[in-house]
Amino acid sequence: MNVLLIGSGGREHALAWKLKQSPLLGKLYAVPGSDGLGQLAERPPLRWEDFDKVCAFCLEKKIDLVVIGPEAPLARGLTDFLTRRGVKVFGPSQKGAMLEASKQAAKEFMERNGLPTAAFTVLHSAGFAREKIKENKQYPVVVKADGLAAGKGVRICCSEAEALAAVEDFMEKRVFGAAGAKVVLEEFLPGVEASVMAFVDGETYLALPVSRDHKRLLDGNKGPNTGGMGAVCPVTLPAEDMAVIEREVLARFVAGVKKENLDFRGLIYAGIMLTAQGPKVLEFNVRFGDPETQAILPVIKSDLLPLLLACAGGKLAGRELELTGETCVSIVVASGGYPDAPESGKPIKGLAGPAVAAQVFHAGTAKKDDAYFTAGGRVLSVSACGKDLKAARQRAYAALERISFEGMQYRKDIGL
Ligand code: AMP
Ligand code: GLY
């Protein structure tokens with residue numbers, strides 16, 4: 001079976017690594033892919049934005065499945081374009097992708113379908129936003145840009161002044177462009193977070209093991225928010241929380257997308273806050289999490305390819321997921337200056353060292369001759385498995401200590 005993978009991050013490198021283990025795989029292509037992933041997949045000179053060319057390539061190369069990693073192609077309707085022309089895709093339709101691309105769409109979907117989430121108000125203009133913020137007596141409060149802002153459009157505001165500043169940045173200065181045209185004002189939920197992902201075929205779901213991201217830059221959850229500095233999988237949640245997540249989040253999600261004809265065949269990621277009142281949904285992503293995927297896939301024993309195909313083809317019912325029973329820790333290595341102004345072009349040492357029991361997934365790297373250089377904020381994910389968290393952490397950090405580049409940053413407390 002031939003597969004085309006769309007994307008270029010650490011998540012896509014991990015997907016390619018896992019797909020390569022499938023005995024069903026014929027050829028694997030990646031668009032655009034990355035230099036790190038280039039050892040696993042062929043990289044045709046295509047851009048995913050050229051829908052016509054991508055489609056022609058799929059037909060010519062007899063691609064059996066297109067797997068879309070990031071949110072942007074989903075939100076732009078690549079799935080709809082390809083499926084209309086007979087190409088099978090893992091990844092929801094454009095309407096389904098709105099559940100990530102618009103916070104308003106997500107909140108209203110949850111409200112209509114009875115999923116537990118924080119109370120909210122949609123603010124359509126800066127004037128109305130200021131009025132509502134002045135009425136608000138409860139701090140902190142959360143201000144969210146409606147559209148896609150690469151994980152940066154959420155501010156936890158501890159005072160009226162901070163909330164007003166967020167409105168000014170999002171709605172007037174438009175620091176995230178059109179993504180800030182609307183804003184969602186949301187009740188702050190205290191608690192512990194977990195990432196819940198499930199395969200969805202439009203009719204049913206199959207939950208992946210729960211994982212946890214570490215979003216802040218520095219140890220002890222300090223410093224600025226990032227795209228994610230590391231992840232662990234599996235994370236064991238109390239049985240009663242898991243039961244609520246299955247019944248009120250995942251089952252209601254699937255019932256909702258079915259009722260609303262969203263043609264959702266791919267993966268749903270619910271960011272969950274475990275509050276004193278039970279689990280509540282913070283946000284949806286309509287794709288695999290990054291860096292969670294780099295910690296989830298190494299603990300999945302099942303062949304990934306038939307599962308992705310089953311989602312795309314509406315044939316998920318009765319499928320099961322077999323796990324290795326191990327724990328995986330994945331640590332993100334970021335460039336100096338990340339997240340504000342990441343440096344680039346630093347030679348990375350230690351990648352070709354003696355094999356250790358860890359996987360290195362590339363994100364922001366570039367290959368020149370036979371050497372790798374940094375080329376982005378999040379550079380690598382180092383993932384290792386062990387019989388428990390302690391063993392996995394030891395292996396991951398031992399592997400990471402062989403790698404170095406100028407200015408490199410990583411957290412020392414992933415999984416603690
Ligand atoms: P989101 O992009 O909506 O997941 O938000 C990014 C991060 O902001 C989440 O992972 C949480 O840490 C935090 N966050 C978002 N919404 C809330 C909320 N209602 N209460 C507390 N924290 C939140
Ligand atoms: N780990 C958060 C995300 O993938 O958006």
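Every number for a ligand or one of its atoms is a count from 1 in the order of the listing. From a predicted model like this one, the values you see are computed outputs, not experimental measurements. Numbers here simply count residues along the sequence, with the first being 1.
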Given L24 and D303, is the side-chain contact (heavy atoms from CB on, under 4.5 Å) satisfied, shown in steps? CA-CA 9 Å; L24 301 173; D303 187 347; 4.0 Å; yes
Any K280 heavy atom less than 4.0 Å to ligand 1: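 Flag not set, K280 not near ligand 1.
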Provide the number and element of each atom of ligand 1 under 4.0 Å from a heavy atom of [X].
X: K144; value: 3 (O), 15 (C), 16 (N)
X: E283; value: 1 (P), 2 (O), 3 (O), 4 (O)
X: L189; value: 18 (C), 19 (N), 20 (N), 21 (C)
X: F188; value: 20 (N), 21 (C)

Given side-chain contact (heavy atoms from CB on, under 4.5 Å), test Y29 with L5 step by step and report yes or no. CA-CA 6 Å; Y29 300 92; L5 177 61; over 6 Å; no
Looking only at protein heavy atoms, identify the closest one to [atom] and say how far it is in Å.
atom: atom 11 (C) of ligand 1; value: E193 OE2, 3.1 Å
atom: atom 17 (C) of ligand 1; value: L282 CD2, 3.5 Å
atom: atom 5 (O) of ligand 1; value: V154 CG2, 3.4 Å
atom: atom 19 (N) of ligand 1; value: E186 OE2, 2.7 Å

Summary of side-chain hydrogen bond (donor to acceptor under 3.5 Å, both in side chains) pairs that have at least one residue in residues 231-257, sequence neighbours excluded: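 The answer is Y205-E246.
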Tell me which pairs pass side-chain hydrogen bond (donor to acceptor under 3.5 Å, both in side chains) where either residue lies in residues 166-195, with sequence neighbours left out.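 Listed once each, the pairs are Q104-K182, K107-E186, R130-E172, K144-E186, R155-D169, S195-Y269, S195-E292.
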Within 45 degrees of the axis of the six-membered ring of Y410 and under 6.0 Å from its centre: does K412 put its NZ or CZ there?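 Geometry flag: set, cation within 6.0 Å and 45°.
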Ring centroids only, cut at 6.0 angstrom: are F405 and F373 within range, meaning strictly under it?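 Centroid distance F405-F373: not below 6.0 Å, so no.
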Of the backbone atoms (N, CA, C, O) and the side-chain heavy atoms from C-beta on, which set of [X] has a member under 4.0 Å from an atom of ligand 1: side chain, backbone, both, or neither?
X: K215; answer: side chain
X: I156; answer: side chain
X: V142; answer: side chain

Checking Q94 now: which residues fulfil side chain to side chain contact (heavy atoms under 4.5 Å, CB included) with it, not counting sequence neighbours?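 Partners of Q94 by the side chain to side chain contact (heavy atoms under 4.5 Å, CB included) criterion, ordered by chain and then number, come out as D80.
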Ring pair (Phe, Tyr, Trp, His ring centres under 6.0 Å) between F264 and F253: does it pass, once the steps are laid out? CA-CA 10 Å; F264 202 104; F253 177 84; 5.2 Å; yes
Residue shell around ligand 2, heavy atom under 4.0 angstrom: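 Within 4.0 Å of ligand 2, protein side: D213, Y269, N285, R287, G289, D290, P291, E292.
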Parallel, tilted or perpendicular: which fits the ring planes of H362 and Y372, with parallel below 30° and perpendicular above 60°?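 Tilted.
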Checking S102 against D146: is there a side-chain donor and acceptor pair closer than 3.5 Å?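 A donor-acceptor contact under 3.5 Å links the two side chains.
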Looking at R216, K222, H214, which hits side-chain contact (heavy atoms from CB on, under 4.5 Å) with L218?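 Option passing the side-chain contact (heavy atoms from CB on, under 4.5 Å) with L218: K222.
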Are the side chains of F120 and V142 in touch, meaning some heavy atoms are under 4.5 Å apart?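 Not touching, per the 4.5 Å side-chain cut-off.
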